[in-house]
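Step one of this worksheet: look at the structure below.
Reckoned from all heavy atoms, side chains included, excluding hydrogens, waters and symmetry mates. Since we're looking at a predicted model, the values are computed, not measured.
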Protein chains: 2
Amino acid sequence: MNNKKIQEERIKGYFIEATKNIIKSEGISNVSTRNIANEAGYSYATLYNYFKDVKELVFYCVQDFQEEGEIFILGKVKELSFGKERIKSISQAYVDFFLEYPNYFELFYLERLSDVSSTKQIAHLITSFLDRMSKADWEYCIKNNIYTRENAEQIKSQLNFAINGALLIYLNRKTPESYTEFLQVVEKLINGILD
Amino acid sequence: MNNKKIQEERIKGYFIEATKNIIKSEGISNVSTRNIANEAGYSYATLYNYFKDVKELVFYCVQDFQEEGEIFILGKVKELSFGKERIKSISQAYVDFFLEYPNYFELFYLERLSDVSSTKQIAHLITSFLDRMSKADWEYCIKNNIYTRENAEQIKSQLNFAINGALLIYLNRKTPESYTEFLQVVEKLINGILD
DNA sequence: ACAAACATATTAACACTGTTAATTATATTT
DNA sequence: AAATATAATTAACAGTGTTAATATGTTTGT
């Protein structure tokens, strides 16, 4: 009974790993059942013994990619102490992460959700990512009267929406046109919201 | 020479009209060459005599949908006079428009662009939509010292990113879960940015 | 009026896609 | 070793976008 579960999880893991590799290297538009199965070393139909559909499988990658993101972001702010400046740096690093891995942004925000049960949790995982990364800093700011709790909630929400909106428009609508221009826009945006 | 151009534009129009109808009623995921051609009264391959690919055709709909949006938004703010409150109402109406026609938001922001030449103009049309709708109000505010020009640019940018980010997360990630909750979030967001 | 040239529309075909059912292969249990 | 359960595979279906070859209609020159 337990062995069966372990083996099942292992095989699921092979499919997830294969999917991750394809998203990482070729982007989500190149993800297909045949493609995944080939990379995983199975036939394409085997996938359906372990996942409801290919969308469910694809969204299983979110968790792992987010762990990558956490490491990426924390690596960029590790020598900073809690506070407003660290929130700025985390926000900046969050943008940098998706600039370096635009395929992840596609998965996180652009890909249509499936109607499977786990969807809600994944969606929550995604939308609370930035907040989670800067949680301690916000608490610090509130405790030190830099922001009121109410004020903090408001600004946090603004920041999250604005940053993801900016990424959406840059990555999916190529506006502004140049990379450096976008970096300037983001910097102004973050400072404008937090100050 | 001119007749030919006229006829060509007419037939293009039939395809665009067909595509618009499908997007409107069934959503962008149900758009297909066969589907469009059937609605337009042609064979699916005929499409390629008039458009480089189906994505080019699909993005031709943006202009018409935006005109719908303009009418929708202006209809909701027509008795207001220029100023900050009108910017708020326009922003609110902008959100309302995409809440009523989420398929349009998908096309405007979620659909992957083609690499055809006209892409850049369409992308610009999309990303400057909200700014265009409130252009006169911003000028009014600057002239009346409600905002400095620099300040206005900053806030306009924040507003645009945040609103589209909020729509992205609500429409594509179902966060927050309820409609009414989202309306509250948006109202707070708009007020928070503009005040 | 007729044939040649051109423009346009259609069908057939290709290489894909996700998904399901039937079939085969592999373990497991009796 | 035989019977049973489990898992993986192939075949098939109904789609997709796109292209090439074919058929149709229109215009032009003789």
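Contacts of B:Phe51 with the nucleic acid, taken as non-hydrogen atoms under 4.0 Å apart, are absent. At the heavy-atom level, B:Ile11 lies under 4.0 Å from the strands shown only through sugar-phosphate atoms. When heavy atoms are screened at a 4.0 angstrom cut-off, A:Ser43 is found touching base atoms of the nucleic acid. Residue A:Ser32 is classed as a sugar-phosphate contact, given heavy-atom separations below 4.0 Å to backbone atoms only. B:Tyr42 comes within 4.0 angstrom of sugar-phosphate atoms only, judged by non-hydrogen atoms across all strands, and of no base.
Between the NZ atom of A:Lys52 and the P atom of C:dG18 there is a distance of 15 Å, rounded to whole Å. When rounded to the nearest whole Å, the span between OH of B:Tyr48 and C1' of D:dT16 equals 9 Å. Between the CD atom of A:Glu56 and the P atom of C:dT19 there is a distance of 11 Å, given to the nearest Å. Nucleotide D:dT6 holds its C1' atom 12 Å from the CD atom of A:Glu8, rounded to whole Å. Separating the CD1 atom of A:Ile36 from the C1' atom of C:dT17 is a distance of 12 Å, rounded to the nearest angstrom. The CD1-P distance, from B:Ile22 to D:dG17, rounds to 10 Å in whole Å. Rounded to a whole Å, the CG atom of B:Leu47 is 11 Å from the P atom of D:dT19. Protein atom CD of B:Glu26 is 11 Å distant from nucleotide atom P of D:dT16, rounded to whole Å.
Note that CZ of B:Phe72 is 11.0 Å distant from OH of B:Tyr104, once rounded to the nearest 0.5 Å. B:Glu26 CD to B:Asn103 CG: the interatomic distance, rounded to the nearest 0.5 Å, is 10.0 Å.
Listed pair A:Tyr50 / D:dA8 meets the phosphate criterion, a side-chain N or O lying under 4.0 Å from OP1 or OP2.
Under the salt bridge (charged side-chain N to carboxylate O under 4.0 Å, His left out) test applied with B:Asp137, the options B:Arg86, B:Lys84, B:Lys156 reduce to a single match, B:Arg86. The residue from A:Ile16, A:Ile122, A:Val31 that alone fulfils the side chain to side chain contact (heavy atoms under 4.5 Å, CB included) condition with A:Val58 is A:Val31.
With hydrogens and angles left out, the side chain of A:Tyr44 and the base of D:dA11 share a donor-acceptor pair within 3.5 Å. Contact of B:Arg34 with D:dG15 (side chain to base): no donor-acceptor pair of N or O atoms is detected under 3.5 Å.
When distances are taken from the side chain of A:Asn49 to each of C:dT19, D:dA8, C:dT8, the shortest belongs to D:dA8. Set against D:dT18, C:dG18, C:dA9, the side chain of B:Val54 has D:dT18 as its closest nucleotide. Each of C:dA9, C:dG18, D:dT19 was ranked by its minimum atom distance to the side chain of B:Ala45; first place goes to D:dT19.
Under a cut-off of 6.0 angstrom, the local environment of CD in B:Glu177 is sparse, with at most 12 non-hydrogen atoms contributed by other residues, nucleotides or ligands.
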